[in-house]
Amino acid sequence: MPKNIASTGASSAALSHEELFDRIRALKKEMNAIVLAHYYTVPEIQQVADIVGDSLALARAAEKNDADVIVFAGVYFMAETAKILNPGKLVLMPDAHAGCPLADSCPPDQFKKFKEQYPGALVITYINSTAEIKALSDITCTSSNAEQIIRQIPEERQIIFAPDKNLGGYIARKLKREMILWQGCCYVHDAFSEPYILKICREHPDAEFIAHPECREEVLRHAAFIGSTKALLEHTVSSLAQQFIVATEPGILYEMKKLSPLKTFIPAPKDPDNPHSVCTQMKQNTLEKLYQCMLNRKPEIAVDEALRLASLGSIQRMLEMSPA
Ligand code: 13P
Ligand code: SF4
């Protein structure tokens, strides 16, 4: 590798954020790389990313870009989806051990048996799932487009929805449509409970309470607005409210404050001792690891070609059924 600003010095542990930003930007140019980051990553990763978005925006960005290298600061299923869509590109992750416990809550062998109980049912799975589960599915969805996709399925068709029971339950109630739900959940969103939400709402009577559909029904029923991370962000911009209590991963507060600097954002409490419910997996992405993964071109995401082809159809169907 040529000696330049991006690649000099083996150890970068003592570098400031500004120095790491400079090196990452130089490597992006040198490698023709695009850095995609989820809203739940730490602010400094969001600052240096080319695209910051929710799961759907990032899947779309992974599908359509001119980069040779995709660097995914998120969790494993996101980078894996990017690789499934781009077999010819190098896909890197700052920390390939950053998994998603929700995705892991749906083991393929158990899901296969579950599915066999409902022959003829259409299988719609949340993108927060492994490639093996996507290969067992008809259509993938995200929290942004789940409702849009399910509305397109004829009423008489039975639907299995996996793995998030809270998102599935929310859509089922909203569309008044019965669905067979896999009983998984996201520990970050499932941690919010009614008593603490009611308490914080009482303490901030002028604040609007907004929530992600991965939260439990007992929480969602008190929300003035329910939506995916991106929908919540857009709502805080367009709403006339000046204060918001936000029941989702607090990483999104960085973008919310950036877009509405005069508004107040209160992360919903998990319990009295934990004012935040944090996704520790998303936080495994650090600026230092982002730089090192680009410098060393690893860890690289690989997907077996047979599995890639088997899982691709459900992702492509999602993108076709919810065009940008
Ligand atoms: P969205 O990005 O669709 O809002 O989903 C949230 C999430 O938990 C991602 O892992
Ligand atoms: Fe998985 Fe929940 Fe973390 Fe999203 S926030 S990556 S669903 S554990």
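Residue numbers start at 1 and run along the sequence shown. In listed order, ligands and their atoms are each counted from 1.
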Quiz item: His235 vs Phe244 aromatic rings, parallel, tilted or perpendicular, using cut-offs 30° and 60°?
Solution: perpendicular
Where does ligand 1 get N/O contacts under 3.5 Å from the protein, atom by atom?
| residue | atom | partner | partner atom | Å |
| --- | --- | --- | --- | --- |
| ligand 1 | 2 (O) | His38 | NE2 | 2.7 |
| ligand 1 | 2 (O) | Ser55 | N | 2.9 |
| ligand 1 | 2 (O) | Ser55 | OG | 2.9 |
| ligand 1 | 3 (O) | Ser143 | OG | 2.6 |
| ligand 1 | 4 (O) | Ser143 | OG | 3.3 |
| ligand 1 | 4 (O) | His212 | NE2 | 2.9 |
| ligand 1 | 4 (O) | Thr229 | N | 3.0 |
| ligand 1 | 4 (O) | Thr229 | OG1 | 2.4 |
| ligand 1 | 5 (O) | Tyr126 | OH | 3.4 |
| ligand 1 | 8 (O) | Glu214 | OE1 | 3.4 |
| ligand 1 | 8 (O) | Glu214 | OE2 | 3.2 |
| ligand 1 | 10 (O) | Asn128 | ND2 | 3.2 |

Quiz item: If Ile, Leu, Val, Met, Phe, Trp and Tyr residues are connected whenever their side-chain heavy atoms lie under 4.5 Å apart, and connections chain through other members, are Met282 and Tyr39 in the same group?
Solution: yes
Quiz item: Under the 3.5 angstrom rule, does the side chain of Gln183 hit a backbone N or O of Leu181 as a donor-acceptor pair?
Solution: yes
Quiz prompt | Pocket residues of ligand 2, ordered first by chain and then by residue number (heavy-atom cut-off under 4.0 Å) | solution = Tyr40, Val75, Cys100, Pro101, Leu102, Asn128, Cys186, Tyr187, Val188, Glu214, Cys279, Met282
Quiz item: Is Arg221 salt-bridged to Glu194, cutoff N-O under 4.0 Å?
Solution: yes
Exercise. Any chance you could measure Asp95, atom CG, to Thr286, atom OG1, to the nearest 0.5 Å?
Key: 8.0 Å
Exercise. Mark yes when over 12 heavy atoms from residues, nucleotides or ligands other than Glu178 sit less than 6.0 Å from its CD; otherwise mark no.
Key: no
Quiz item: Are Ile266 and Tyr254 joined in one hydrophobic group, where the rule is that I, L, V, M, F, W and Y side chains link up if heavy atoms are under 4.5 Å apart?
Solution: no
Quiz prompt | Carboxylate-amine/guanidinium proximity below 4.0 Å for Lys230 and Glu234 | solution = yes
Quiz prompt | Any Pro267 side-chain heavy atom under 4.5 Å of Leu253 side chain | solution = yes
